[in-house]
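Notes follow once the structure below has been shown.
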Number of protein chains: 2
Amino acid sequence: MRRLVKRPTMKDVARAAGVSPMTVSRAVSGEPGVSPDTAARVEQAIRQLGYQRNDNARNLRQKNLRTSTIGLVVDDLANPFYALMARSVEDEAHRRGFLVLVGSTNDEPRREREVIAAFTARQVDGLILVPTNGGHGFLKQPMEGGTCVVCVDRPAKGLAVDTVTVDNRAGAERAVSHLLGHGHTRIAYLGDRFDIWTQRERHAGYLDALASHGIAEDPALVRHGLRSQSDAAAALAELRALPGPPTALFTTNDLISIGVMDGLGRPDPVALVGFDDFPLADRLSPPLSVVSQDPVALGATAANLLFSRIDGDLSAPRSVVLLTRLIVRGSGSVGGVRG
Amino acid sequence: MRRLVKRPTMKDVARAAGVSPMTVSRAVSGEPGVSPDTAARVEQAIRQLGYQRNDNARNLRQKNLRTSTIGLVVDDLANPFYALMARSVEDEAHRRGFLVLVGSTNDEPRREREVIAAFTARQVDGLILVPTNGGHGFLKQPMEGGTCVVCVDRPAKGLAVDTVTVDNRAGAERAVSHLLGHGHTRIAYLGDRFDIWTQRERHAGYLDALASHGIAEDPALVRHGLRSQSDAAAALAELRALPGPPTALFTTNDLISIGVMDGLGRPDPVALVGFDDFPLADRLSPPLSVVSQDPVALGATAANLLFSRIDGDLSAPRSVVLLTRLIVRGSGSVGGVRG
DNA sequence: CCCCCGTATGGGAACGTTAACAAGCCGCAA
DNA sequence: TTGCGGCTTGTTAACGTTCCCATACGGGGG
C-alpha cells in the first residue's frame, strides 16, 4: 500500500537549508538579494526534498492578483472546429506561461453558467467564450472583479466585450451567388438551429444573394434545425420529392454537408456549396465547394485580445471580423485550391 | 475607463449580514447548523454584493486536500482523436464536479515536463497522460504527494501506473491478415515515427501476420517516420517505383492513410487498409478499410480509473486493453459497416 | 570614533478560507 | 435549583506563500 508523504513546504526547505522561509521564497522566485552560495544551498535542499512551490497559495497572497490561468468555454470540444481553436488558444497561453481550463457547454445555457461559475471561483484571469443563446448577466460581477472576457465565433447578446467572428453573412452571400452565377435559381437552404447566431447570419447572406438576383425566398426550399447528418439526409430526400425540386443546395455547416452528400449520386446534377471546410472535402465525389473559415486564426486572435486585456488594456471593446474564403471545387471549378 | 471593484470576501458578506465569517462559510458550503433565517440573511447579502467563494483559498485551507481539478496532457489537442478523448474526459469530470486543465506536448518530452510541472504546481488531484517517449522520473515526487496518474493511448516506460491502451498489435495483425487472405504477398508498411509506442506495436502486428503466412519482412517495403500527408504520398511514390512494387498497403494512422489516398487512382489495383477510422472514410474512392479504435471509450475508461484512484483506491496498477475493430469497406468488402 | 548606505537576511502579518473548539441559549429531567 | 444535551454562533489558529519593515553586516568618508 502506497504511503502518502506530506508535500514539503518552504518551511521544510528553509529548515534543511538553514535559512528562513523568506529567503527560500526569494530564491525560488528568482528575486534579487540572495547571495550565490545561499541560493546554492537552497537549490540543494529543494532537490533533496523534491520541493515544488504551491502556486495556489502564491496566487492567494500575491498583491498583483494573477493566477496565470484562463478558461476556454466552447460549444463542444470534440468538434474539430473547436478543437483546432482550442489548440490555438492553448499555444498562445503556453507562450505566455498561462494554463487553460476547458469546458463544453453543449449549447446549454445552464451548463455554460455552471462551467463559468466554476472557472471564476478558481479566479481565472480571463475567459474565452463561445456563448450560448442564453443571457450573460452573471458575468457582470466577475468582470467588475477583474476577470476579462472575449467572445469568439458568436457575439453574446447584451455583453459589451471584445468579440471575434467571421463574415458569415458575406461568406454565405458569396457561396449562393456562385450558384446563381452558374444559372441556378431554385437553391435550397439547409441549416442548423435558427437560434444560433451564425446560422441566422448565414441565412441572411443566402437571402442577400437571392435578392440581388431579384429572386424571392421560397419557403418550401428552406429547412432549419438540422442537428445531424441523418436530419440533413432526410431533409434532402424531402426536397427532392417536391414538385419543383431544387437544382442547387446551400448547406450551413460541415455536418449538414456530409449528411447531404450521402443522398447525392456520383456525380449528381444537383450542385452543392457548404459552409466549413474539412479534410477530404476535395476527395469526395463530387468534390465539395466550401466557404472556409480559419479556426486557428479565430483562436489566436481571441487569445491575443484577451491577453492584451489581462495586461491592462482598458480601451473600448473591439469587434474583429475575420474573412472567409470561397473554395470552388465542384462543377464549374477552376481547380482545387487548398492551402 | 473601467474601475476595478475589489472582490467581496466572506468578511464583507458577514458584515453586511451581521454575522461572523464562519457562519457565512457554513451557509455557503451548505453545512448544517445554520438557522433558516440566518441563512436567508446571508443569502441576501451574497446576492447584494455579488459574492462568490474563492475556491483557491478554500483548497488551501481544507484538510482533505482536494482541488477538484485534473490535468489532461495529450500529444495534440487539435488532433480529432485526442479531441474526442478530451471531450469524453471532460464529461466524466463534469459529472463529478471536477475541472480539466489541458495541455499539448507535441510529443516533446521537454514541453511535457513543463506542462505537468505547471499542473502539479496548481495541486491538481490527478493527471491523464498520453506520455511522450521521454523519462518520467519527475512524476515520482508529485505521486508521492498524492497526485494520481493514469496513462492513456500508450504506456510510459518505467512508470507503474494505470494504463489504458488498445490492442494495437492484434488490430494490425488482423488488418494485414485480411490483405494476406485476399492473396496479397507484397504488402508495404507505411508508419509514423518508430519511437512512438503505438507504431512499434502496429509494426509488430504487421510482422506477426506475415510470419503466420510464412512470409519474411522485406525491408524495401517498410517505411517508418512518415510525419505528414506529403511524407506518406512521397513514400508511396517511391514504393510504386520499385522493381517489385507492393500490391497492398498497410498504413498506421489516419494522416498516412489520407496522404496515400492522394497517390492512388480511383479505383486502383493496389489494396489498402489503414489504422484509425475517420469521417468520410466510407465516401472515398476507393472506400477505405480501417482498424477502428474508440477514443471516447479510451477517455472515459481512463477518467474512471483516475477518479477511483482519487477516491482512494490503492490497489496495484491496472492495465486495460480495449479492442479494435476491423471495418472492411474496400474491394472484397461485404458492405460498409459503420456504427 | 561615528554616521550613512547598500546588500543580505529574518520576523510578523496578511491573503480568504475552514478545522477545532468554546460559548451561549433553550428546554427538560432530576 | 442544577445539570445535561442539542442547536446555533463565534473565536482562534492555521493552510503556504509573499509583502512590508526591521535588523545585521561591512566598508568608506568624515
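First the proteins, then the strands, lettered A, B, ... as listed; each starts at 1.
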Inset, instruction - Look at the side-chain N and O atoms of B/Lys6 and state whether any lies under 4.0 Å from the OP1 or OP2 oxygen of C/dG16. - result: yes
Legend entry - Contact nearer the 5' end of DNA chain D, comparing A/Met22 with B/Met22: B/Met22
Legend entry - Side-chain N or O of A/Ser25 closer than 4.0 Å to phosphate OP1/OP2 of D/dT17: no
Inset, instruction - Measure distances between side-chain N and O atoms of B/Arg26 and base N and O atoms of D/dG10, and say whether any donor-acceptor pair falls under 3.5 Å. - result: yes
Legend entry - base_contact_polar (C/dG16 base, A/Arg61 side chain, donor-acceptor, <3.5 Å): no
Legend entry - Euclidean distance, atom CZ of residue A/Arg15 to atom P of C/dG10 [Å, nearest integer]: 14 Å
Inset, instruction - May I have the distance from A/Met10 (atom CE) to C/dT9 (atom P), rounded to whole angstrom? - result: 16 Å
Inset, instruction - Figure out the CG/P separation between B/Asn56 and D/dC15, and round it to whole Å. - result: 18 Å
Legend entry - Per B/Ser35 side chain, nearest of listed nucleotides C/dA8, D/dT17, D/dT8: D/dT8
Legend entry - Proximal nucleotide (of D/dG10, D/dC19, C/dT18) relative to the B/Arg58 side chain: C/dT18
Legend entry - side-chain contact (heavy atoms from CB on, under 4.5 Å) assessment of B/Thr67 paired with B/Arg122: CA-CA 8 Å; B/Thr67 55; B/Arg122 256 82 162 190; over 6 Å; no
Legend entry - Short side-chain N/O contact to C/dT9 OP1/OP2 from A/Ser20, under 4.0 Å: no
Legend entry - Atom pair distance, as rounded to whole Å: CD in B/Gln62 and P in D/dG16: 14 Å
Legend entry - Closest-nucleotide 5' rank along DNA chain D - winner of B/Ala39 and B/Leu60: B/Ala39
Inset, instruction - Indicate whether OP1 or OP2 belonging to C/dT18 is found under 4.0 Å from a side-chain N or O atom of B/Ser29. - result: yes
Inset, instruction - Considering just the side-chain nitrogens and oxygens of A/Thr38, establish if one lies under 4.0 Å of OP1 or OP2 belonging to C/dT9. - result: yes
Inset, instruction - Take atom CG of A/Asp55 and atom P of D/dG16, then tell me their distance rounded to the nearest Å. - result: 14 Å
